[in-house]
Amino acid sequence: MTTGQAQVIELGIGGMTCATCAGRVERKLNRVEGVRATVNFATETAHVTYPADISVDDLVKVVEATGYTASVPQPEAPAAEAEPDTAEPDPLRQRLLVSAVLTAPVVLLSMIPALQFPNWQWLAFTLASPVAVWGAWPFHRAALVNARHGAATMDTLISLGVLVSYGWSAWALFFGGAGMTGMTMSLSWLASRTDDPGMHLYLEVTTTLTTFLLAGRWFEHRAKRRAGSALRALLDLGAKDAVLLRDGAEVRVPATSLAVGDLFVVRPGEKIATDGEIAEGASAVDTSMLTGESVPVEVGPGDRVVGATVNAGGRLVVRATRVGADTQLAQMAKLVTAAQSGKAQVQRLADRVSAVFVPVVIMLAAATFAFWTAYDGGVTSAAVTAAVAVLIVACPCALGLATPTALLVGTGRGAQLGILIRGPEVLESTRRIDTVLLDKTGTVTTGVMSLVEVLPAAGVTETQLLRAAAAVEHASEHPIARAIVAGAASRGIEPAPVHDFRALPGLGARGTVAGRAVLIGRHSLLTAHGIELRKGPFLSLSDVEGPLLNGGRTTVAVALDGVFAGWLLLADTVKPGSADAVARLRALGLRPVLLTGDAEGPARAVAAEVGIDEVIAEVLPEGKVEAVRRAQEGGAHRVAMVGDGVNDAAALAAADLGLAMGTGTDAAIEAADITLVRGDLPAAADAIRLSRATLSTIKGNLFWAFAYNVAALPLAAAGLVTPVLAAAAMALSSIFVVTNSLRLFRFK
């Protein structure tokens, strides 16, 4: 039994060439007591959780004992110290180009009898030898490494196919009579089963097989690089340097050197170096790179800003609150990387199949060779052709790429749109959910009070009422007071100076404005001062408070010189797009339910405005958890929860799928499966659509990968598929899977 706290590391794995390789490394690591590992072929990484009594060196040795390399990612150097990029040669591309140049004349000589001059076969053999040995060396090397460890992978099949076709040709040239002057030959797939195998060469099979597979691997490598481009773009968003305020002077330093509490300057057009709080200045900040939202956000002193966003307006002085790995950008990258490193349940099935597939194929190739040898009464070209075709056509590379590439693209595209998917198992959850519980405040509504209506009493103008109220409330920090001041400002009314201001906690405030005594607050505050509330457009207090409370509005009473002056009506306004989001959730086959701790009246008013029929109101945090469990009871419903506050964290964790607003609390984000960086409800519908699209792509990839093998193997064994066609089809199947995944980049 291992002891100590579990640790997590991401290892770079080198030398993997197919899904079977990844499966071998994963199984080897998981055999170590206390270790849990997931190896991703597409990203060439291993996500390893290990106990404290095991070192990283131990993990590296386990991987190396399997025949592969492992490395610990090194921290990036600060931007100021980073060396300039230099273009490195691509060895795979060089190998492909040389092999293609040598393959072309071999194929032409083998295909066209008119070009077969005396002793042409020896020139073809000379040109094919470097391709068979040097060109195919990556396959041979991987096959040897695996053989030393008692394993067989896709490279084993390829290497066997190349060596069998090349070795048979060499035997035919030197010992079988094919080296005689005047020898001519048609394509291997046109040869009769009764042809003398000693007079038939497979050099065009050797070279085209190698070239096709090198081309497929090169295109696959490029496609995988593109699939991971969204994450790399996300990591590159951060600012490289910052202008630090030090003793009143501005000093440009690497962004990585900033510490919590440092003040730094952000000029118009510059990126904000790290997460922080505005200390001086006001501006508009373009957050589109992180949130996908194109409209700049107005900010001022006290507002939070996120690193990597762009200052689109005036000069800002920002106080750093989070640096390094604690920033929102770093956390986003961490979530995306974790999602791309995991495995969905559908991929587990593919891994189990590919683990036993290669040995079965080798046995099937041997059985095919034996069958054709017995059927033709001896070794013929048909026996060799069919056996080699079986080896090549069955390579399970596409199976290994089906899930990782779709995850790479889907989660990367989500990051670009401000949707962070925690892991691949989340994709399965989105498919099953049928009910969505929506928190009200901060999710469906803004969570910020705003002035929605002004009702002055007889003899009082709206301007007089608002000017007096805003003057007193301007001195208060209460959210309702700020809403009244903001409402007055939006109507072009500036607050007048106030004297003798006094806050009345829990009731309201009082002060003197332009020589008039102003009292503002609850109706009970005014009645306690003997002020009659019946004057104005309402007959009684119940006439105003009954309908307004049921409509989700808060009432504030105002008196001038001891006489009732009117009502100010405030409400938590619905976020733009919430109604559209609810309609889109319904279109996805989901049942929306409003879940809130607010009173029944305000909750139903908001629900009616956005198109929700079911409301669960006046619930405490534990009540939200209970609501989730009631819906889940007996498997009746699969429940998603969307929320943003600390009081939503438990419900987010209890739900089958938790979606947290990125503008919410850290506790809510930590408990959720999906984080919506934009912080608006339409992003929830987008997240579910993207998750379902990614899962659908994975399933489509796996279907075509399985279908390809199931359909091609019998044809190859029957002699209806040549090794050349098998190599082309195998390479194309892998490219198809990757390019099919790349379609997710077009998700809107």
Side-chain angles (χ1 to χ4, degrees), residues 13 15-31 37 39 41 62-63 65-68 136 138-168 209 213 216-217 343 346-374 383-403 702 705-719 721 723 726-727 729-731 733-734 737:
I13 307 297
M16 295 192 300
T17 56
C18 66
T20 313
C21 301
R24 286 190 56 231
V25 176
E26 185 174 296
R27 288 192 298 274
K28 197 78 171 180
L29 285 168
N30 284 325
R31 285 181 187 142
V39 179
F41 171 49
V62 170
V63 176
T66 316
Y68 304 92
F139 308 115
H140 300 325
R141 180 185 176 280
L144 286 171
V145 168
N146 289 314
R148 284 203 301 267
H149 294 85
T153 66
M154 182 192 78
D155 296 290
T156 306
L157 302 181
I158 297 172
S159 180
L160 280 175
V162 172
L163 292 177
V164 168
S165 58
Y166 178 73
W168 190 273
L209 175 62
L213 294 175
R217 189 156 289 183
K343 291 187 180 180
V346 287
Q347 177 63 16
R348 301 286 180 185
L349 172 62
D351 288 347
R352 289 194 294 269
V353 171
S354 62
V356 299
F357 198 67
V358 173
V360 170
V361 168
I362 293 174
M363 290 188 289
L364 182 58
T368 300
F369 182 81
F371 169 79
W372 281 109
T373 300
V384 177
T385 300
V388 172
V390 168
L391 286 173
I392 302 308
V393 84
C395 292
C397 186
L399 288 178
L401 291 170
T403 296
L702 289 172
F706 276 117
Y708 161 80
N709 287 119
V710 170
L713 269 174
L715 295 175
V721 175
M730 196 276 283
S733 70
S734 295
V737 162

Problem - Straight-line distance of Thr66 OG1 to Arg148 CZ, nearest 0.5 Å - result: 12.5 Å
Handout entry: From CZ (Arg31) to CD (Glu26), nearest 0.5 Å
Key = 11.5 Å
Taking all non-hydrogen atoms of both residues into account, name the closest pair between [X] and [Y] and its distance.
{"X": "Trp372", "Y": "Gly719", "answer": "CZ2-N, 4.2 Å"}
{"X": "Tyr68", "Y": "Arg24", "answer": "OH-NH1, 3.2 Å"}
{"X": "Val39", "Y": "Ala22", "answer": "CB-O, 3.7 Å"}
{"X": "Ala143", "Y": "Ser159", "answer": "CB-CB, 3.8 Å"}
{"X": "Gly67", "Y": "Val145", "answer": "O-CG1, 3.2 Å"}

Completion exercise
Hits for side-chain contact (heavy atoms from CB on, under 4.5 Å) against Ala136, two or more places apart or cross-chain, chain-then-number order -> Phe139, His140, Val162, Thr210
Handout entry: Results of side-chain contact (heavy atoms from CB on, under 4.5 Å) for Ala717 - residues two or more places apart only
Key = Thr368, Val390
